[in-house]
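Following: one structure in structure tokens, then a few remarks.
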Amino acid sequence: MFKNKMQTHRFSFLLLMLVLAPVAVSAREPEGGQTERRPNILFIVSDDHGWGDLPSNWDATECRLPTLEALAAKGVRFPKYQTVPLCGPSRACMFTGQYSSENGMWRGPGQQPLGTPGYRGIKRDVKMLSEYLSEAGYKTGAFGKWHLGSLEGEVPNDRGFDVFRGFLGGAHPYWISSKRSKMMHNRQPDRTSEGHATELFTDWAEEFIRQSAATDEPFFCYLAYNAVHGPLRTSEKQPASAPEAWVKKALDRGVSFLRSDYVAILEHMDHNIGRLVELVDELNVTENTLIVFVSDNGGCTMAEGSAGGRFPGNNGPFRGGKATTFQGGLNVPLLMNWNRRLPQGMVSDDQVMHCDLFATLLDAAAISVPSKNGKNPVRGMSLMPHMLSSGKNPLPERTMIFELWGNLGLRKGNYKLWGDVGRDHSPDWEGLVGELARSDLSLFDLSKDVAEQHDLRTELPKVYASLKTELIDHFSNVNSEYPGAENGPALDREKSQPAKPAATEKPAGTPQRRNSDQFFKNRDRNGDGAITLEEFIGNPKGRNVPALTKRFKIIDSNVDGKLDRDELVRSKR
């Protein structure tokens, strides 16, 4: 009788296995032979959030960010993460795995249609992270700041996102009303949403995550806050961008008035990120959700002449800030958290960069990382093996290149090659190569000189020559074609220059206005509609900096530390 029962149990077990077998086969991932469900991905990007304003990076900050600190303590933090120092190019690199000189977003997106001189945008044959994930079966949603193009073929719904709610441009007021909004819902203007941008973006992301978690498909939620980008209150004449309760919290514990709105914006953002962390736990998907938090570029500082300045960002010990390729513009917060998959409390000292996020998220989703994207190589490297081994699998030493308007940085190991050869050659890479060959650059050893104060060019001529050759070789081999352009496949050197008016045409405006407009265009390096002292001076080598500083202060009639077009025109009269 016992034997018969055993035979019955064996038969039942075999029958059960036959029933379940098709389910196991259908659950197998198309790549990698995995049987686990692809992970959900919550990808959060802050805006102009300096390295020094993540407390675990720099304990001198006044910011209190308990959500991010908890994610870092239970995950992996990368204090040596580096990116290109401007919003649009940085995001393009994260989404394409390529340098901004290769993917087409060499500056923030413009309004020139594809095929016209000066077009700026991700090339149409370059496939974005969201497109890969969508094709792999992910539900995809983008919420907040896009800044990767607003023309047909560039908007989120054209680039792999099922849902988009947010704004397309580079900056937006924090307080949203029907009369003061550029918010979009997919491809249509959103005239109904009101409230604080940080809270709205979080609300929309929460709704998307709840709906997605109820289905069998994994989700990719891209949440791009405009915190802590301007406008921010730095004088008593301005209204606060953060909710007053959060500003009061900062002021009550001794944060200076100048920093109070900035700190409050970051802490308010951290609180809202906490809502989503709690949501993921509530929905019981914590163990299958990879959370990534990163800033797009370095903070804007109030230091005199700081490019992109006027806001009290904190870049810790680093020189420079947003729009510069000094480390203050490149080094920003990055952390990853995946409960029970990634090690807890790991701090990696390896050099990582923006392009690695593309490769890492594809790898986490069991999608093969391509060797090329469009006509240029993928530069990113998956960080998953490094993290899963708790750092025992180190990342190989490699060269990392960052460029913005002729402001260049090349990092290899501890050495950093830096130079500013002027903004006249982007994206004329052939012209840039010629200018680089003629220029003296600076060499720093960041293991001893994080503030980039001591130029070692003459002390280490072989290192300098080797790195400069690598930099020149990179720009000599960039494929700058824009497939699909109406006027041919490439924006070559001649086409990349603005068209000259015919001899019989006279440009509109007075000579003063024309000259001032051209000067303004040349000096407004970060395209924010104002010129700082550093932008006004340009490359200080061989220039009379004291005289230029005095001239700047004379022109700055409203004493706000920046110049607008009208101030320049009045100065010419």
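Residue numbers count from 1 along this sequence.
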Please test L223 against V45 for side-chain contact (heavy atoms from CB on, under 4.5 Å), starting from the C-alpha separation and ending with a verdict. CA-CA 6 Å; L223 175 56; V45 179; over 6 Å; no
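- Across W204, F201, F208, a single residue satisfies ring-ring contact (aromatic ring centres under 6.0 Å, His included) together with F143, and that is F208.
- Remark: the E102 side chain and the T96 side chain contain no N/O donor-acceptor pair separated by less than 3.5 Å.
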Please assess H196 against H268 for the test ring-ring contact (aromatic ring centres under 6.0 Å, His included), listing each intermediate value before the final yes or no. CA-CA 10 Å; H196 195 277; H268 182 230; 4.8 Å; yes
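- At least one donor-acceptor pair closer than 3.5 Å links the side chain of T116 to the backbone N or O of P113.
- We find the CG-SG distance between D47 and C87 to be 4.5 Å, quoted to the nearest 0.5 Å.
- The distance from the CZ atom of F326 to the CG atom of N331 is 13.5 Å, given to the nearest 0.5 Å.
- Remark: of the listed residues L54, D48, D53, T83, T83 is the sole one forming a side chain to side chain contact (heavy atoms under 4.5 Å, CB included) with V332.
- The two residues S90 and V84 have their closest heavy-atom pair at N-CG1, 3.1 Å.
- A heavy-atom distance below 4.5 Å is not found between the side chains of K179 and R191.
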Would E154 and L114 count as a side-chain contact (heavy atoms from CB on, under 4.5 Å) here? Give the steps. CA-CA 10 Å; E154 299 175 342; L114 182 67; over 6 Å; no
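- T67 and D270 are linked by a side-chain donor-acceptor pair at a separation below 3.5 angstrom, with hydrogens and angles left out of the test.
- You'll find the side chain of E194 reaches within 4.5 Å of the side chain of S178, heavy atoms only.
- For the residue pair T140 / S134, no side-chain donor-acceptor distance below 3.5 Å is found, with atom types taken as modelled.
- In this model, no donor atom of one side chain and acceptor atom of the other lie less than 3.5 Å apart for N373 and N103.
- Residues V294 and Y81 form a side-chain contact, since some pair of their non-hydrogen atoms from C-beta on lies under 4.5 Å apart.
- There is no side-chain donor-acceptor pair under 3.5 Å between S100 and E403.
- With hydrogens and angles ignored, the 3.5 Å screen pairs no side-chain donor or acceptor of H185 with any backbone N or O of F164.
- Note that the CG atom of D296 and the CG atom of L86 stand 8.0 Å from one another [nearest 0.5 Å].
- Considering Y225, F219, F358, Y222 in turn, Y222 is the only one that fulfils the ring-ring contact (aromatic ring centres under 6.0 Å, His included) rule with F43.
- The heavy-atom pair separating W338 from P39 by the smallest distance is CZ2-CB, 3.5 Å.
- Atom-to-atom distance recorded for M183:CE and L168:CG is 10.5 Å, nearest 0.5 angstrom.
- In this pair, F161 and W146 present their aromatic rings perpendicular. The plane angle is above 60°, beyond the 30 to 60° band.
- If you check the side chains of E69 and S56, you find a donor sitting under 3.5 Å from an acceptor.
- Under 3.5 Å, the side chains of N57 and R77 contain a donor-acceptor pair of N or O atoms.
- Between N315 and G50, the shortest heavy-atom contact is OD1-CA, 3.3 Å.
- The closest side-chain heavy-atom distance from P109 to H147 is below 4.5 Å.
- Looking at E131, H354, M128, R159 one by one, the single match for side chain to side chain contact (heavy atoms under 4.5 Å, CB included) with F95 turns out to be M128.
- No donor-acceptor contact under 3.5 angstrom links the side chains of N40 and Y138, judged on distance only.
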Donor-acceptor pairs are to be reported for all side-chain atoms of residues 237-246 against protein atoms at under 3.5 Å, with residues two or more places apart or in another chain.
| residue | atom | partner | partner atom | Å |
| --- | --- | --- | --- | --- |
| Q238 | OE1 | T234 | N | 2.6 |
| Q238 | OE1 | T234 | OG1 | 3.3 |
| Q238 | OE1 | S235 | N | 3.0 |
| S241 | OG | P231 | O | 2.5 |

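- Residues M105 and R91 fail the side-chain proximity criterion, which asks for heavy atoms closer than 4.5 Å.
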For M94 and L129, run side-chain contact (heavy atoms from CB on, under 4.5 Å): C-alpha distance rounded to whole Å, both residues' side-chain angles, the deciding distance at 0.1 Å, then the answer. CA-CA 8 Å; M94 292 189 284; L129 172 65; over 6 Å; no
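- Both tests pass for R120 against the ring of W106: distance under 6.0 Å to the centre and angle within 45° of the axis.
- Seen from the ring of F167, K145 does not count as a face-on cation partner, given the 6.0 Å and 45° thresholds.
- Classification of the W51-F318 ring pair by plane angle, with boundaries at 30° and 60°, yields perpendicular.
- Here the closest non-hydrogen pair linking L330 and T325 is CD1-O, 3.5 Å.
- With 3.5 Å as the limit, one finds a donor-acceptor pair spanning the side chains of R165 and S193.
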Could you please spell out the steps behind the side-chain contact (heavy atoms from CB on, under 4.5 Å) verdict for R253 and V255? CA-CA 6 Å; R253 66 170 191 267; V255 175; 4.2 Å; yes
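- The environment of CG in D59 is sparse: at most 12 heavy-atom neighbours from other residues, nucleotides or ligands sit within 6.0 Å.
- Within the model, atoms CE of M269 and CG of N226 stand 10.5 Å from one another, a figure rounded to the nearest 0.5 Å.
- Between the CD1 atom in I209 and the NZ atom in K139 there is a gap of 13.5 Å [rounded to 0.5 Å].
- A donor-acceptor pair shorter than 3.5 Å can be found between the side chains of T192 and D190.
- Using a cutoff of 4.0 Å between basic side-chain nitrogens and carboxylate oxygens, K249 and E62 are not scored as salt-bridged.
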